[in-house]
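Structure record follows, encoded as C-alpha cells.
Fair warning: this is a prediction, and the values are worked out from it, not measured in the lab. Counting starts at 1 for both ligands and their atoms, in listed order.
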Amino acid sequence: MTLWGGRFSEPTDDDLRRLNDSLPYDRRMALQDIAGSIAYARALEAAGVLTADEASQIVAALQNIRGEFETETFVYRPGDEDIHTAVERRLVELVGPAGGKLHTGRSRNDQVATDFRLWVIDAIDRISGHVEQLQVALTGQAEAHLHTVMPGYTHLQPAQPITAGHWLMSYFWMLARDRERLADARRRTAVSPLGAGALAGTPLDIDRAALAQALNFPSCSQNSLDAVADRDFAAELLFALSLLGVHLSRFAEDVILYSNPAFGFITLSDRYSTGSSLMPQKRNADPMELTRGKAGRLIGRLTGLLTTLKGLPSGYNKDLQEDKEAVFDAVDTVTAILPVITAIVTTLQLNPERMRAALSDDMLATDLADYLVRKGLPFRQAHHVVGQAVREAAERGIGLAQLPLETLTALSPLFEADVVDVFDFDVSVSRRKAAGGTAPKAVAAQIEAARDWLERHRT
Ligand code: ARG
C-alpha cells in the first residue's frame, strides 16, 4: 500500500513507479529522516497530539530503526517509494496503527526539506574538513620553499621571478574563500522547514522554534510556502563546490604543466602518478587531469539544478526531487578528489635547480626599469628604455645581463656600473617584501597569517 493510495482505484504503473521512486538515492538520508521524526514526535507530544506513551513508543521504535540502518539490517519493501515512506512503513510495522499518527500535520514536503538540509549541513562540515587538510599541506610545502625561486607567469609567458612558497600559498587563499563560502551557505541552510506542512503551515499547536532547536537548527523558516519550495541552499552548495572545483582544476593545471619534463619544476610521487600501457617512459598526472575534468561535472550539476528550479511555480513540485542526485554526486566528487590532492601536495617533490634553470634575464626587465626609477626616471620612460635594451639583447642573441655597460649608457646616462646588481633573481624576489609580495620575508608573514586563519576556522 502506498501512503497516498486512498483516492486511487488502480495500482500505479510499474514503469511510473520506477521513474517516481527516489529511494535508490535518498536512502542516504535515512539517519536525518529518523532524527527529524524523533524531534517531530516530541513536538507532537508537546502539542497534545500524541500521548506521552505514544510518543515514547514511536521514539523507541525510531531508535530501533536507526539501529537497523546502522547495522545495515533494514529491509526495504517493494512499496517503499522514498526514504520517508520506508521509515514510516517500518514504524507502523513496529508499533502498529499508533505509528500512523507521526505524520499528523507533517507533509513529505517539509520532511524532505528538513532531511535534506540536515544532510547538506553534514556534508559541508565534512568537505570543509577535507579542504582544511589541503590548506595545511600547502602551507607546509610553502614553508619548505620560502627561498626557492621559480618563474612566475602571466599569459603563461615568463613574467617575473617568484618564490615557490608564494605560488603554493596563492591556492591557500582561494581555498580559504571556498571554506568561507561553504560556511556562509551552511548558515542559510541551517533554517528549519519542519512544521511548514505541505505548503500552508500546520494547524497544530507546534512550537516550531523549539522543534528547530531540537534538530540543531538555530532558527526556523518564516514562510511555509517558501520553506517547502526553494532549494537555494542546495544551489549555493553546488556553486561553492563548483568554484572549489574550479580552483582545484587550476591548481591541477599548474601541476600538470610544471611536472611536464619541458618544465620539470616538480615531480609527483610514484604513488600518485600513472603510466601508459604502450609507452614505457610515460609518467602521467592522471589524478590532476581527473580533478580538472571533474570541475566540469560540478559545474554541470550546478547548472542542472538551477535549470530545474528556473520557472517552477511556487510550492513543492516533483521536479525538486532532482535536487538530491545533483548534490550527492557533487559532494561525492569533491570528497573523492580532495584527499588525493592533499596527499599529492604533501608528497610533491619540488626541483629548485630546474626552476632556477628556467629563469631568464628578461624576467628582470621590470627590475631594470625599477633601477632607473630609483635614479629618478619616470616609470613610463624607464619602461621604454628597458624595452629598447631588451630588443638590443634579443637582436644580438644575448641575455639582458650580457649587454655591455656602454650599450646601456647609450640608451640612458642613468645606467652606471652598479647596474650589475640588478641581475640577481634572489635580490629581485627579496625586493617584493611589502605585504602580500613574493619575498621570502613577506611569504613567511603570509604563512603566519594563514596559520592564524586556520586557527580561527577549525572544523
Ligand atoms: N521523494 C520526494 C522528494 O524528494 C519527497 C517529497 C514528495 N512530496 C510529494 N508531494 N510528492 O522530493
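In plain terms, the two heavy atoms of T438 and P161 that are nearest each other are CG2-O, 4.2 Å.
Side chain to side chain, N351 and E353 fail the donor-acceptor criterion of an N or O pair below 3.5 Å. The closest side-chain donor-acceptor pair between T342 and Q133, if any, does not fall under 3.5 angstrom.
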Note every protein N or O atom lying under 3.5 Å from an N or O atom of ligand 1, pairing the names and giving the distance.
residue, atom, partner, partner atom, Å
ligand 1, 1 (N), S22, OG, 3.0
ligand 1, 1 (N), D82, OD2, 3.0
ligand 1, 1 (N), Q321, OE1, 2.8
ligand 1, 4 (O), K324, NZ, 2.7
ligand 1, 8 (N), N109, OD1, 3.0
ligand 1, 10 (N), N109, OD1, 3.0
ligand 1, 12 (O), Y316, OH, 2.5

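Under a cutoff of 6.0 Å and an axis angle of 45°, R117 and F217 do not form a cation-pi pair. Under the 6.0 Å distance and 45° angle rule, R126 counts as a cation-pi partner of W119.
Using a cut-off of 4.0 Å between Lys/Arg side-chain N and Asp/Glu carboxylate O, D15 and R18 are scored as salt-bridged.
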